[in-house]
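First the structure, which I've put down as structure tokens, then a few questions once you've had a look.
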Amino acid sequence: MNYYGFKKRTEYMHCPPSVKGRARKIALEMAWARALGRFPFSDLMKETIAAIATAPGNGGVGMIRISGPEGISVLETLWEGEVRPTSFESRRIYVGRIAFDQVLAFVMKAPSSYTGEDVVEIQAHGGRRGLELLLETLLKAGAGRLRMANPGEFTQRAFVNGRIDLAQAEAVADLISASSEQAVTLAGRQLEGRLSEYVGKLRNEIKVMRAQMEAMIDFPEDEDVQGLRYEEVLERLQSLETRIRSLLTTYEEGRYLREGIRVALVGKPNVGKSSLFNALLNDDRSIVHSTPGTTRDTVEEVLDFSGLSVRFIDTAGIREGRDAIEGEGIQRSQRKIDQSDLILFIFDVSRPWEEADERIRTLTTARRTVLVANKSDLPPAFDPLFPAVRVSAKTGQGLAELKEAIRRPYLGRESRVQDPGVTLSNLRHRVALEKGLEALDCVAEGAREKRSLEMLAADLSLAMNRLGEITGEVTNDEILGEIFSKFCIGK
Ligand code: GDP
């Protein structure tokens, strides 16, 4: 294995170092990478990169991470301390000064580091401005040798250098963004390699089957024996397909656990949507964060409901006014409904049920909906004929029941996460498995029709490639770009 994790690169080593030659070299690198089904890297990968790895804001400690061959020598030029960085032992902590700050630094030498390259980590005081100045100082000292890292570039290098596979790289991002306990558990398992291992086993079975078919192609035998083998192929395919299907059934729950659920509050004006939104927020001390919604007129708040992350979408702060039940208001409700997994349909139980309530309620019928009778602290004007959770945003009555009603349909099957099985939670993985399944279906059909082994083997290869996309054994630039661009800088 060389620096890129490839076994051979003699094919492009003799290119002339002209600009034309350089372009040719990169083109060859890419072709070579594609042939191997690996990430088409470029010279960018050889550069040393640096970034602040800790979160924005002031903290006790802040960390700067550097990865690449020049890291140690850049540190050497700035380091004031007893031991010189060039003679730092790998994974030992040293105290020193860099410019204005007293810091701790350590190196992890290639290949035993997160990225598989030489990594330098500097722990400094955690003021944001101080860290930025320290990073600038390092970049200046390393001008021409050191540059700012792109989002996810450290993890991308870890993947390209074979330290982790693609599903694990995705788990790193999931773990960072996890906003509930269940999401953390799920990402932790994927990072450990459970999904990769499971998919790897399935893929290996397909590989063995294909190898056997190829052997039969090379050494054909009489028809009887082949007939029997078709049956055997079918049996093995069925076992594979059953396992893939069962893995696919975990997706829905996995997605809810990983991403949480999106909940919209809808109802006509003045029924208490904003009050309820605030009551739920205030009642819960585990507010994770608040972000602008996907449309300009919404805000989102994420709460952890005993392990399930619940993202409330609201038009908080925006007065819906009288038009809320006409045109614009209906459209706004529809948008919220379209963006959500669950709808809280709120009505005012202290006032008669109106045409407008009915109109908004009919919008929600296509979705999972919880009906909420608000203002239960007041004398009721009617008795709902449908099951509704009685609450009062004003007194807080019924909030616990409401939370349970939101959570129950999603975490009713909690056992799956407790059980050490594998859970699918990423759409990309689901699509790859579905395509793999399709290819296996083709093989099964071919086997039933006793088509040529060459054809079956080709479909088996396709199925193998599909499963290989999950762990990144087979991938392309576009997928990788998309995955790593979602990371934060410094990871
Ligand atoms: P929205 O237009 O649906 O967002 O409704 P608001 O949250 O602005 O509430 C409308 C009015 O109803 C306000 O005056 C609230 O104080 C009042 N309100 C909301 N919830 C309750 C409740 O549970 N009980 C009572 N008595 N009043 C409420």
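First listed ligand is number 1; within each ligand, the first listed atom is number 1. Note that these values count all heavy atoms, side chains included, but never hydrogens, waters or copies made by symmetry. Counting begins at 1 with the first residue of the sequence.
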Which ligand 1 atoms does L378 reach within 4.0 Å, using its non-hydrogen atoms? 26 (N)
Name the atoms and distances for all side-chain donor-acceptor pairs under 3.5 Å in residues 369-380, with sequence neighbours left out.
residue, atom, partner, partner atom, Å
T369, OG1, T364, O, 3.1
T369, OG1, R367, O, 3.0
N374, OD1, A393, N, 3.0
N374, ND2, V271, O, 2.9
K375, NZ, N270, O, 2.8
K375, NZ, D348, OD2, 3.3
S376, OG, A373, O, 3.1
S376, OG, V391, N, 3.4
S376, OG, V391, O, 3.0
D377, OD1, S392, OG, 2.9

Donor-acceptor pair, side chain of Q190 and main chain of A187, under 3.5 angstrom: no
Quick one: does G272 get an N or O within less than 3.5 Å of an N or O on ligand 1? yes
Salt bridge or not for R157 and E153, using N-O below 4.0 Å? yes
Determine the interplanar angle of the F347 and F382 rings, folded into 0 to 90°, and report it as parallel if under 30°, tilted if 30 to 60°, perpendicular if over 60°. tilted
Which bit of V391 is near ligand 1, meaning a heavy atom under 4.0 Å away: side chain, backbone, both or neither? neither
Under-4.0 Å salt bridge between E170 and R428: yes
Who's closest to atom 2 (O) of ligand 1 heavy-atom-wise, of I346, N270, D377? N270
Give the atom numbers and elements of ligand 1 that come within less than 4.0 Å of a heavy atom of K273. 1 (P), 3 (O), 4 (O), 5 (O), 7 (O)
Taking both backbone and side-chain atoms of P269, is any N or O found less than 3.5 Å from an N or O belonging to ligand 1? no
Under 3.5 Å, which donor-acceptor pairs do the side chains of residues 53-65 form with other protein atoms, sequence neighbours left out?
residue, atom, partner, partner atom, Å
T54, OG1, M63, N, 3.0
N58, OD1, R128, N, 2.9
R65, NE, E121, OE2, 2.9
R65, NH1, G490, O, 3.2
R65, NH2, E121, OE2, 3.4

Just go through S274, S392, S376, S275 and tell me whose heavy atom is the nearest to atom 15 (C) of ligand 1. S275
